[in-house]
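First comes the structure, then the notes that go with it.
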Amino acid sequence: MPDSAARMDTPAIYADLQRRLMTAGFEPGAKLKPSELQHEFGCSPNTVRDVLLQLSKVGLVEFEMQRGFRARQVSDERRSDITRFRILLEQEGAVGSMRHGGLAWEARLTAAHHSLSHIESQIARAPDPAPFLHLWSDAEHTFHEVLISECRMPLLIETYDSVYMQFRQQMVTLDAAFTSRYFHPIIKEHQAIVDAALGGDEDRLRGAVHTHLKRHLVE
């Protein structure tokens with residue numbers, strides 16, 4: 001087992017496994033063994049087991065009695081189902097925030113979009129976007145979090161966080177599609193969401209959210 005300086009506390013273990021599950025750190029369906037992961041984190045297998053159980057509650061891990069833990073499988077059908085649910089939550093959350101957020105929310109949304117837009121513009125010009133994908137993923141998550149943050153529906157926000165994480169996990173097998181060209185429409189779509197939100201147009205905002213995500217739906 002690693003020395004005490006290398007040991008990680010439970011929140012750090014959770015954050016590490018969560019990120020890896022969302023960014024292809026484990027193959028879809030890969031077995032996750034607490035007895036093996038404990039050596040990596042310098043903790044007991046029970047600690048890892050508790051973390052994996054928490055991750056199963058947000059949908060990133062599958063758990064079956066007698067069979068243990070596995071990274072969730074990825075499929076077009078599941079990605080489409082999660083996308084459909086995400087669209088509904090994000091439309092309601094964004095419209096609610098637009099109604100209640102006021103100038104402070106508009107300023108935070110503008111700032112989050114400015115950061116995201118800068119990263120996307122750099123990626124769109126890069127010969128290889130791969131080194132920027134983690135940075136973009138974090139900025140994109142922040143933007144969408146801010147978008148729904150003032151909807152005054154705590155359960156929606158809690159549910160959305162879980163759905164967003166599952167959505168990112170379902171996207172990991174599509175990393176090869178993330179060429180520079182992929183980001184050209186994404187830049188326009190994020191701008192359309194911000195323009196509709198700042199313009200106070202509910203129908204336009206709902207439509208912009210749907211347009212942004214509809215490519216992941218299986219009809």
Side-chain angles (χ1 to χ4, degrees), residues 13-34 36-37 48-49 51-94 120 123 128-130 132-145 147-148 155-186 189-190 193 206-219:
I13 295 170
Y14 183 97
D16 183 85
L17 289 175
Q18 179 192 70
R19 172 173 283 277
R20 288 158 67 181
L21 287 160
M22 292 169 59
T23 58
F26 300 102
E27 288 292 322
K31 195 167 183 60
L32 306 173
K33 298 181 179 180
E36 295 178 357
L37 290 168
V48 178
R49 178 182 172 84
V51 169
L52 290 173
L53 283 171
Q54 291 300 312
L55 289 166
S56 73
K57 292 178 181 178
V58 298
L60 296 178
V61 169
E62 296 174 324
F63 173 70
E64 292 183 40
M65 294 295 294
Q66 308 304 322
R67 298 189 64 183
F69 300 93
R70 292 183 182 275
R72 184 170 286 280
Q73 291 285 1
V74 171
S75 70
D76 291 343
E77 291 75 16
R78 181 167 179 81
R79 183 170 65 253
S80 180
D81 192 34
I82 291 172
T83 299
R84 203 174 305 279
F85 193 26
R86 180 184 166 185
I87 289 171
L88 294 174
L89 292 172
E90 192 159 328
Q91 285 176 330
E92 292 305 313
E120 289 176 335
I123 292 176
D128 178 15
F132 304 99
L133 287 180
H134 286 337
L135 185 64
W136 171 77
S137 182
D138 288 344
E140 207 248 2
H141 189 195
T142 297
F143 171 75
H144 287 282
E145 278 187 325
L147 181 65
I148 68 167
L155 182 57
L156 184 148
I157 292 174
E158 179 183 335
T159 304
Y160 180 84
D161 189 51
S162 173
V163 169
Y164 184 90
M165 286 189 289
Q166 293 182 61
F167 175 84
R168 298 306 319 172
Q169 185 181 42
Q170 290 294 311
M171 292 290 291
V172 295
T173 56
L174 299 182
D175 280 352
F178 290 164
T179 63
S180 297
R181 185 177 299 178
Y182 174 88
F183 288 89
H184 290 289
I186 298 292
E189 291 161 11
H190 284 142
I193 290 173
R206 291 180 188 276
V209 169
H210 183 270
T211 297
H212 177 50
L213 295 168
K214 67 180 182 180
R215 65 173 57 84
H216 304 297
L217 296 172
V218 176
E219 299 300 335

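Residues Leu32 and Leu55 form no side-chain contact, since every pair of their non-hydrogen atoms from C-beta on lies 4.5 Å or further apart. Here the side chains of Leu21 and Val61 are in contact, with some heavy-atom distance below 4.5 Å. The side-chain heavy atoms of Thr159 and Phe85, taken from C-beta on, include a pair separated by under 4.5 Å. Under the 4.5 Å side-chain criterion, counting only non-hydrogen atoms from C-beta, Glu145 is in contact with Asp161.
Atom CD of Glu120 is separated from atom CD1 of Ile186 by 7.0 Å, given to the nearest 0.5 angstrom. In this structure, CD1 on Ile193 lies 13.5 Å from CZ on Arg206, to the nearest 0.5 angstrom. We find the CG-CD distance between Leu60 and Gln169 to be 5.0 Å, quoted to the nearest 0.5 Å. Residue Leu89 holds its CG atom at 11.5 Å from CD1 of Ile82, rounded to the nearest 0.5 Å. We find the CD-CD distance between Gln170 and Glu77 to be 10.0 Å, quoted to the nearest 0.5 Å.
By the side chain to side chain donor-acceptor pair (under 3.5 Å) test, Arg49 pairs with no residue at all, sequence neighbours left out. Under the rule for a side chain to side chain donor-acceptor pair (under 3.5 Å), the partners of Gln166 that lie at least two apart in sequence or sit in another chain are Arg78, Ser162. Annotation: side-chain contact (heavy atoms from CB on, under 4.5 Å) contacts of His184 (sequence neighbours excluded): Ala124, Arg181. Residues forming a side-chain contact (heavy atoms from CB on, under 4.5 Å) with Glu27 (at least two apart in sequence, or on another chain): Ala30. Checked against salt bridge (Lys or Arg N to Asp or Glu O under 4.0 Å), Glu36 has the following partners two or more places apart in sequence or in another chain: Lys33. Asp138 pairs by the side chain to side chain donor-acceptor pair (under 3.5 Å) definition with Arg19, not counting sequence neighbours. For Phe167, the ring pair (Phe, Tyr, Trp, His ring centres under 6.0 Å) test picks out His216, with sequence neighbours left out. With sequence neighbours excluded, the residues forming a salt bridge (Lys or Arg N to Asp or Glu O under 4.0 Å) with Glu189 are Arg215, listed by chain and number. Applying the side-chain contact (heavy atoms from CB on, under 4.5 Å) rule to Ser137 yields the partners Arg168; only residues at least two apart in sequence or on another chain are considered. Every residue two or more places apart in sequence or in another chain that forms a ring pair (Phe, Tyr, Trp, His ring centres under 6.0 Å) with His190 is listed here: Phe143, His144, His212. Remark: Arg20 engages Asp16, Leu17, Phe26, Glu40, Phe41 in a side-chain contact (heavy atoms from CB on, under 4.5 Å) (not counting sequence neighbours).
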Using residues 62-72 as the side-chain source, report each donor-acceptor pair under 3.5 Å to any protein atom, sequence neighbours left out, with the distance given to one decimal.
from	atom 1	to	atom 2	distance (Å)
Arg70	NH1	Gly29	O	3.1
Arg72	NE	Gly59	O	2.6

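Remark: side-chain polar atoms of Gln18 are not paired, donor with acceptor, to backbone N or O of Ile13 under 3.5 angstrom. Looking at Ser80, its side chain never comes within 3.5 Å of a backbone N or O of Asp76 through a donor-acceptor pair.
Val74 and Pro28 get closest at one heavy-atom pair: CG2-CG, 3.7 Å. Contact between Tyr14 and Val51 at its shortest, heavy atoms only, is CA-CG1, 3.6 Å. Among all heavy-atom pairs drawn from Pro129 and Ile123, the shortest one is CB-CG2, 3.4 Å.
In the model, Glu92 has no side-chain atom that pairs as donor or acceptor with a side-chain atom of Tyr160 under 3.5 Å.
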Derivation of the salt bridge (Lys or Arg N to Asp or Glu O under 4.0 Å) call for Arg84 and Asp81:
CA-CA 5 Å; Arg84 203 174 305 279; Asp81 192 34; 5.4 Å; no
